[in-house]
Number of protein chains: 2
Amino acid sequence: MARNSDTPRSNCRINFALETFGDKWTLLIVRDLMFKGKRTFGEFLESKEKISTNILADRLKRLEEHGIVEKTVAPDNRSKLLYRLTSKGKDLLPVMLEITAWSVKHDATRNTSDPFLTMFGSAKEEMMSAILDKLD
Amino acid sequence: MARNSDTPRSNCRINFALETFGDKWTLLIVRDLMFKGKRTFGEFLESKEKISTNILADRLKRLEEHGIVEKTVAPDNRSKLLYRLTSKGKDLLPVMLEITAWSVKHDATRNTSDPFLTMFGSAKEEMMSAILDKLD
DNA sequence: ATGTGGTGCTTGCAAAATGCAAGTACATTC
DNA sequence: GAATGTACTTGCATTTTGCAAGCACCACAT
């Protein structure tokens, strides 16, 4: 594996973030945890992007190592693990919303007058609170 | 090459963004253009992360194809190309700043009372205008 | 006009990461 | 105790990356 072995390429802040979640999969897991109420390995596997099991296991491990995600044993089934965002993970919400806003604006395959943008523009804080309230 | 060949893995907005800049290098180039005043192939190569020439060429091509970056011939030297952000690229500024804010907050190797965070918290719009004014 | 250096790449090849299918381990349920 | 659910691990082919070298074009000095 040894993707970001140990020493950062630089001490730049953008680089710090990229070495944490700079790949095609990691933020999809964050998305599923943050916006879709998913919590288990099996639920992440169901997402439309079709992540494979080895990559998912690797990214969950990484996210845990970085303190963005933590897992607990499910109360009803000891072989089932529940993943959730830590506060460090929840702090990615503004990043996720700005990414979403950018995509809504620039994805040509989408409607230009998207309700997300109006709401995001006028009630950002309320939007964030509503999302955070639903977690845990 | 054929990294994101043609058909998106899903029509999710987070995924749209990840298929555009979801890797370890692309946003470093955006950073160099947006915050460091860099404009040429050679200048990007100098950055501390040490991108290699083939990857840089590939990412610049991709960024152009996605309409995030455009290039022009330098007025003083016809073999020199000047890269710059398009408006779509400049629209990544909020994303870049939120990523920076997250990293400042969570990079344990950094000072906790970073001036970026106070300024970002109190004068976000002014900060963005100042950055955009320096471009082009 | 020729050589030297600047600029932006391309190429070749080894190493690493990814993607896919199958298999494993443990817990619960019947 | 057999079948199912859950979370992975393993093996292997394909793709991407990283490194070093080479190439093509332009500019400038001799």
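Note that the coordinates shown come from a computational prediction; the quantities given were computed from them, not determined experimentally. We name chains A, B, ... by the order of the sequence lines, and we start the count at 1 in each one.
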Engineer: dT17(D) phosphate, OP1 or OP2: any side-chain N/O from Trp25(B) under 4.0 angstrom?
Structural biologist: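 Checking Trp25(B) against dT17(D): no side-chain N or O falls below 4.0 Å of OP1 or OP2.
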
Engineer: State which of dG19(C), dG18(D), dC9(C) makes the closest approach to the side chain of Phe41(B).
Structural biologist: dC9(C)

Engineer: Can a side chain N or O of Arg78(A) be found less than 4.0 Å away from OP1 or OP2 on dT28(C)?
Structural biologist: yes

Engineer: Among the candidates dC9(C), dT28(C), dG19(C), find the nucleotide nearest to the side-chain atoms of Ala57(B).
Structural biologist: dC9(C)

Engineer: How many whole angstroms separate atom CZ of Phe44(B) from atom C1' of dC9(C)?
Structural biologist: 14 Å

Engineer: Does Tyr83(A) put a side-chain nitrogen or oxygen below 4.0 Å from OP1 or OP2 of dT6(D)?
Structural biologist: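 Answer no for this pair, as no side-chain N or O of Tyr83(A) is under 4.0 Å from OP1 or OP2.
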
Engineer: Please report the distance, rounded to the nearest Å, between CG in Leu45(B) and C1' in dT7(C).
Structural biologist: 10 Å

Engineer: Pick from Asp107(B), Asp114(B), Thr100(B): which one makes a side chain to side chain donor-acceptor pair (under 3.5 Å) with Arg13(A)?
Structural biologist: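 Running side chain to side chain donor-acceptor pair (under 3.5 Å) over Asp107(B), Asp114(B), Thr100(B) with Arg13(A) returns exactly one hit, Asp114(B).
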
Engineer: Between Asp58(A) (CG) and dT9(D) (C1'), how many Å, whole number?
Structural biologist: 12 Å

Engineer: Suppose we call two aromatic rings close when their centres sit under 6.0 Å apart. Are Phe44(B) and Trp25(B) close by that rule?
Structural biologist: no

Engineer: Between Arg39(A) and Asp32(A), does at least one N-O distance fall below 4.0 Å, as a salt bridge requires?
Structural biologist: no

Engineer: Does some side-chain heavy atom of Arg31(A) sit less than 4.5 Å from a side-chain heavy atom of Glu49(A)?
Structural biologist: yes

Engineer: Rounded to whole Å, how long is the line connecting atom CG of Leu56(B) with atom C1' of dT16(D)?
Structural biologist: 16 Å

Engineer: Rounded to the Å, how far apart are Lys50(A) NZ and dC20(C) C1'?
Structural biologist: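 Result: 14 Å.
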
Engineer: Would you call Lys90(A)-Asp136(A) a salt bridge at under 4.0 Å N-O?
Structural biologist: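 A salt bridge links Lys90(A) with Asp136(A).
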
Engineer: What integer distance in Å separates Arg39(A):CZ from dT6(D):P?
Structural biologist: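 The answer, rounded to whole Å, is 15 Å.
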
Engineer: Rounding to an integer number of Å, can you tell me how far Leu81(A) CG sits from dA25(C) P?
Structural biologist: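 Taking CG of Leu81(A) and P of dA25(C), I get 18 Å after rounding.
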
Engineer: Just to confirm, is there a sub-4.0 Å distance from OP1 or OP2 of dT18(C) to any side-chain nitrogen or oxygen of Arg59(A)?
Structural biologist: yes

Engineer: Output the rounded distance in Å from CG (Asn54(A)) to P (dC20(C)).
Structural biologist: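 So the two atoms are 10 Å apart, to the nearest Å.
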
Engineer: Given that Asp76(B) and Thr53(B) both sit by DNA chain D, which one's nearest nucleotide is further toward the 5' end?
Structural biologist: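 Of the two residues, Thr53(B) wins.
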
Engineer: On DNA chain C, check which nucleotide each of Asn77(A) and Ile55(A) is closest to and give me the residue with the more 5' one.
Structural biologist: Ile55(A)

